[in-house]
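The next block holds one structure in the form of structure tokens; read it before the comments.
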2 protein chains.
Amino acid sequence: MTRSGADLALLLLGGYRSLVESVTAELAARGHADVRPVHDFAMRAIASGADTASELGRRLEVSKQAAAKTIAVLLERGYVRRGADPDDARRKRVEVTPLGWEVMHQGEALFDARRDEWAGRIGPERLAELERQLAELVGDAVVRPEAAGGAAQD
Amino acid sequence: MTRSGADLALLLLGGYRSLVESVTAELAARGHADVRPVHDFAMRAIASGADTASELGRRLEVSKQAAAKTIAVLLERGYVRRGADPDDARRKRVEVTPLGWEVMHQGEALFDARRDEWAGRIGPERLAELERQLAELVGDAVVRPEAAGGAAQD
DNA sequence: CCAGCATAGTCAACCCGGTTGTCGAAATGC
DNA sequence: GCATTTCGACAACCGGGTTGACTATGCTGG
């Protein structure tokens, strides 16, 4: 039985969703109900040096306005803080707060736990093989989670 | 080298995106520039019996209003047509037009071509194995493409 | 038969994370 | 000095979701 190409696409999406929903739900249960994949992704980029709206936009491959919006949300939720840039009066520097780091660490641990579960179900060798194949097929293009990263919600 | 769980999630998403973007771009090149994955998905559901807004909403696991919105878009673009239901004056029946079918058929063929390419790169056996594993891990939950199914766009 | 309830589609407002355009301020380079 | 570039902020808009409310229609049990 050969699957259709569209089936394959939805299987991949389903796999992604399965992981993300599980992690998002657990983070919510731990009190972080407002964390979306794209927020986590943005925080990681900020933590790794994209600490202005413009740079974040470039890193995420979205407009600087979109990046600024994301920063605004993160600010509002206390995941990042912002201040002036001593070297350039136009810029504002952003950095991840301890709360932001906490959320990122928990998210990371939860994703790893989910991966471990998958490894337990199909075997670590086969999972590693799956990852290798995907990496080969997809390459290393920037893949940014989308805002509506969750499942259909009722 | 063991990958992180978050890496795995993004690999899956990248795989999905890779397929979808390729198909969407080719459909655009063929004159169907306004087709989104969620539209195609909705048309398939309509074609398979979810031919009212309420039923489509249930099928897609979104609100009836969201389903109606999608139908409105499809109507506007000529992919579906709509008429009264002779058996129930509350209802409106929707059906896919020849243009809608054309788009779906092309999309299907393009997805299958992409899958064939993947099979050519990692081997048909390994691709089938990958699909089996994903199916096992994900199960058969309804997976609906999201609106912003494309990649980050500049 | 009919009141009460359920269901249909429509209208409206809102959300979220994107887009593009514009603006004044600051920085850069010739 | 000045033309150009870059910065963040403001604004409007988009697409695909959400919820609430409404009128019309259908169903059912007393």
Side-chain angles (χ1 to χ4, degrees), chain A residues 17 20 24 33-43 45-46 50-77 80 82-94 142 144-154, chain B residues 17 20 24 33-43 45-46 50-77 80 82-94 142 144-154:
Chain A
R17 286 265 184 74
V20 166
T24 305
D34 53 6
V35 180
R36 299 293 181 82
V38 73
H39 299 154
D40 182 79
F41 196 76
M43 280 192 275
I46 289 167
D51 62 355
T52 65
S54 297
E55 184 55 37
L56 185 62
R58 282 189 290 268
R59 180 73 70 84
L60 301 186
E61 297 188 359
V62 297
S63 66
K64 60 180 181 179
Q65 291 95 335
K69 267 190 176 178
T70 299
I71 289 173
V73 169
L74 295 176
L75 267 177
E76 193 177 291
R77 293 176 185 170
V80 303
R82 189 169 60 175
D85 182 330
D87 300 325
D88 187 333
R90 296 170 301 181
R91 279 204 196 109
K92 294 197 171 182
R93 292 283 168 184
V94 184
V142 171
R144 177 178 54 88
E146 296 141 26
Q153 294 168 344
D154 293 328
Chain B
R17 288 265 182 75
V20 165
T24 304
D34 53 5
V35 179
R36 298 293 183 79
V38 73
H39 298 154
D40 181 79
F41 196 75
M43 280 193 273
I46 289 166
D51 61 355
T52 66
S54 296
E55 186 56 38
L56 185 62
R58 282 189 289 271
R59 180 73 71 84
L60 301 187
E61 297 188 359
V62 298
S63 65
K64 60 180 176 173
Q65 290 93 336
K69 267 189 177 179
T70 299
I71 289 173
V73 170
L74 295 176
L75 267 177
E76 191 178 292
R77 294 178 185 168
V80 302
R82 191 170 58 176
D85 181 330
D87 300 327
D88 188 333
R90 295 171 300 184
R91 281 203 195 110
K92 295 199 172 183
R93 293 284 169 183
V94 184
V142 170
R144 177 176 52 87
E146 296 140 27
Q153 293 168 341
D154 296 329

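Order of the sequence lines sets the chain letters (A, B, ...), proteins ahead of strands, with each chain counted from 1.
A donor-acceptor contact under 3.5 Å is formed by the side chain of Q65(A) with the base of dG21(C). Residue-to-nucleotide contacts include a donor-acceptor pair under 3.5 Å from the side chain of K64(A) to the base of dG8(D).
One interatomic measurement links the two molecules: CD of E61(A) to P of dG18(C), which rounds to 12 Å at whole-angstrom precision. In this structure, the CD1 atom of I71(B) is 14 Å from the P atom of dC11(C), given to the nearest Å. Remark: P of dT7(C) and CZ of R93(B) are 16 Å apart, rounded to the nearest angstrom. Going from atom CG of D51(A) over to atom C1' of dC7(D) covers 13 Å, rounded to whole Å. Atom CD in E76(A) sits roughly 11 Å away from atom P in dC15(C) (whole-Å rounding). The distance from atom CD of E55(A) to atom P of dT5(D) is 19 Å, rounded to the nearest whole Å. Distance CG (L75(A)) to P (dG8(D)): 13 Å, rounded to an integer number of Å. For the pair L60(A) CG and dG18(C) P, the interatomic distance rounds to 8 Å; values are reported in whole Å.
Contact annotation: T70(A) reaches the phosphate of dG18(C) (side-chain N/O to OP1 or OP2, under 4.0 Å). Under 4.0 angstrom from either OP1 or OP2 of dG18(C) there lies at least one side-chain N or O belonging to R144(A). A close approach under 4.0 Å does occur between a side-chain nitrogen or oxygen of R82(B) and OP1 or OP2 of dT10(C). Contact check, S63(A) against dG18(C): no side-chain N or O comes under 4.0 Å of OP1 or OP2.
A donor-acceptor pair under 3.5 Å is formed between the side chain of R77(A) and the backbone N or O of D34(A).
In this structure, H39(B) NE2 and T24(B) OG1 are separated by 11.0 Å, a value rounded to the nearest 0.5 Å. Summarising the geometry, atom CZ belonging to R59(A) is positioned 10.0 Å from atom OG1 belonging to T52(A); distances are rounded to the nearest 0.5 Å. Here OG of S54(B) is found 9.0 Å from CD of Q65(B). Values are rounded to the nearest 0.5 Å. The structure places CD of E55(B) at 9.0 Å from CZ of R93(B), a figure rounded to the nearest 0.5 Å.
For K92(B), the listed nucleotide lying nearest its side chain is dT10(C); candidates were dG26(D), dG17(D), dT10(C). The side chain of A89(A) lies closest to dA27(C), out of dA27(C), dA8(C), dA9(D).
Across all strands, R58(B) comes closer than 4.0 Å only to sugar-phosphate atoms, never to a base (heavy-atom distances). Among the protein residues, D88(B) comes within range of the sugar-phosphate backbone only, with heavy atoms under 4.0 Å from sugar or phosphate atoms but none that close to a base. Contacts of A66(A) with the nucleic acid, taken as non-hydrogen atoms under 4.0 Å apart, include base atoms.
In terms of position on DNA chain D, the residue among R91(A) and K69(B) whose nearest nucleotide sits closer to the 5' end is R91(A).
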